[in-house]
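Computed over heavy atoms, backbone and side chain alike; hydrogens, waters and symmetry mates excluded. Numbers for residues simply follow the sequence, beginning at 1.
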Amino acid sequence: MDKNNTNSAGITNGRPFHVHDEQAAKRERILAAALKLFAHEPYQAVTMDRVAVAAGVAKGTLYLYFPSKDALYLGVLSDGLDTAYRTYQASADPKLPVVERMRRSIAVMVEFYDQRRDFLQFYATEEPRLSEARNRIIEGSRERAFNFFASLIEEGIRVGVFTRVDPRLATFTIQGAIRSVLLYYGPSRPVSEISRELGNLMLRSLGADPVQVSKPVHPQ
């Protein structure tokens, strides 16, 4: 029987799904290995040979996914920022009040970067030769983050729970505060405690009452 045939719904059976999953897993291993190296060593010290060994793949396989070290470096950056965006976007339950959504989004960002300290360190460094391409990726990510947080801030202003502020300035303040705290504050306090206090601080700066009772808003 042909394992690559299609079923009555036109969906390919058998091996292609397995191959796709295997390829995705291999790509994740490559990105994780590259991130670990780029985060802790100068760009010039990282080689494709070392990444291949760390990821457990052949060098030729590595080049199938990323044709150069530059492409791999930028792929690590793009993948990390895309994952961050999907993570905090998924935390915004529209049934919750906007204050609670903002609180949760901040908490999720703190948790995301705490669990990915290597990416946070990688993000804080820069390879000058790739600065133009790197900045394009970061600017695209910032714009998506701006749209996400600005929509929450604008909604909060509209319903009267946030004071009138510049949404873009507030967004950059929130993001910068999270990254700076995780990079420089140190391990002296539990992350959950820092997350809660930072969330309350940001909400107060928006004019919200961080201790207000948050209950789901049920559509009429």
Side-chain angles (χ1 to χ4, degrees), residues 15-91 105-148 171-172 174-187 191 194-195:
R15 190 169 177 273
F17 285 128
H18 172 72
V19 170
H20 177 75
D21 292 343
E22 184 178 308
Q23 289 174 342
K26 196 171 293 183
R27 184 177 185 275
E28 288 301 312
R29 291 208 312 273
I30 291 169
L31 288 169
L35 172 59
K36 180 72 71 175
L37 291 169
F38 283 131
H40 299 285
E41 299 187 30
Y43 178 85
Q44 292 74 16
V46 179
T47 65
M48 295 294 268
D49 284 313
R50 293 181 63 200
V51 173
V53 170
V57 302
K59 186 176 179 180
T61 301
L62 173 56
Y63 278 104
L64 289 176
Y65 289 85
F66 299 97
S68 67
K69 188 170 76 168
D70 289 358
L72 178 57
Y73 176 94
L74 296 173
V76 170
L77 178 64
S78 179
D79 181 78
L81 292 174
D82 286 347
T83 303
Y85 176 73
R86 291 194 301 270
T87 299
Y88 57 72
Q89 186 183 46
S91 72
S105 295
I106 292 171
V108 165
M109 282 191 71
V110 171
E111 182 179 342
F112 175 88
Y113 285 112
D114 176 62
Q115 293 176 352
R116 294 164 178 82
R117 295 273 180 164
D118 284 343
F119 181 74
L120 194 62
Q121 183 65 36
F122 169 76
Y123 184 87
T125 62
E126 184 172 350
E127 169 51 34
R129 194 172 57 79
L130 295 176
S131 60
E132 185 176 343
R134 182 180 185 273
N135 288 340
R136 281 199 302 268
I137 293 172
I138 290 175
E139 283 303 315
S141 173
R142 281 176 179 163
E143 197 61 29
R144 288 186 300 172
F146 163 70
N147 291 335
F148 174 80
T171 293
F172 291 157
I174 291 168
Q175 290 182 308
I178 290 170
R179 293 186 182 119
S180 294
V181 165
L182 289 174
L183 275 172
Y184 306 119
Y185 190 85
V191 171
I194 293 173
S195 172

Correct closest heavy-atom pair for Phe112 and Gly80 would be CZ-O, 3.8 Å
Determine whether Tyr43 and Leu130 make a side-chain contact, defined as any pair of heavy atoms from C-beta on separated by less than 4.5 Å.
-> yes
For atom CD of Glu132, is the number of surrounding heavy atoms from other residues, nucleotides or ligands below 6.0 Å larger than 12?
-> no
Could you tell me whether a side-chain N or O of Ser195 sits under 3.5 Å from a main-chain N or O of Val191, the two making a donor and an acceptor?
-> no
Flag the pair Leu182 / Arg117 as yes when at least one side-chain heavy-atom distance between them is below 4.5 Å, and no otherwise.
-> yes
Enter the distance from Arg179:CZ to Leu120:CG here, rounded to the nearest 0.5 Å.
-> 7.5 Å
Atom pair OG (Ser68) and CE (Met48), whose distance is rounded to the nearest 0.5 Å | 6.5 Å
Heavy-atom closest pair, residues Ala145 and Gln175 | CB-NE2, 2.9 Å
Are the ring centres of Tyr73 and Phe122 closer than 6.0 Å?
-> yes
To the nearest 0.5 Å, how far apart are CG in Leu72 and CG in Leu77?
-> 11.5 Å
Correct closest heavy-atom pair for Ile30 and Ala55 would be CA-CB, 3.8 Å
Give the intermediate values and the outcome of side-chain contact (heavy atoms from CB on, under 4.5 Å) for residues Leu35 and Arg116.
-> CA-CA 10 Å; Leu35 172 59; Arg116 294 164 178 82; 6.0 Å; no
Beyond-backbone contact of Asp70 with Arg129, side-chain heavy atoms, under 4.5 angstrom | yes
Derivation of the salt bridge (Lys or Arg N to Asp or Glu O under 4.0 Å) call for Arg142 and Glu139 | CA-CA 5 Å; Arg142 281 176 179 163; Glu139 283 303 315; 2.9 Å; yes
Side chain to side chain, Glu126 and Ser131, heavy atoms closer than 4.5 Å = yes
Value for CG (Leu81) from CZ (Arg86), rounded to nearest 0.5 Å, stands at 10.5 Å
Distance in Å, Thr61 OG1 paired with Gln23 CD, rounded so as to fall on 0.5 Å steps = 10.5 Å
Can you check whether Val110 reaches Val181 side chain to side chain, under 4.5 Å on heavy atoms?
-> no
So, is the end of the Arg134 side chain (NZ or CZ) under 6.0 Å from the ring centre of Tyr123 and within 45° of the ring's axis?
-> yes
Got Phe38 and Glu127 here, is their nearest side-chain heavy-atom distance under 4.5 Å?
-> no
CG of Asp79 to CG of Leu74: how many Å apart, nearest 0.5 Å?
-> 12.5 Å
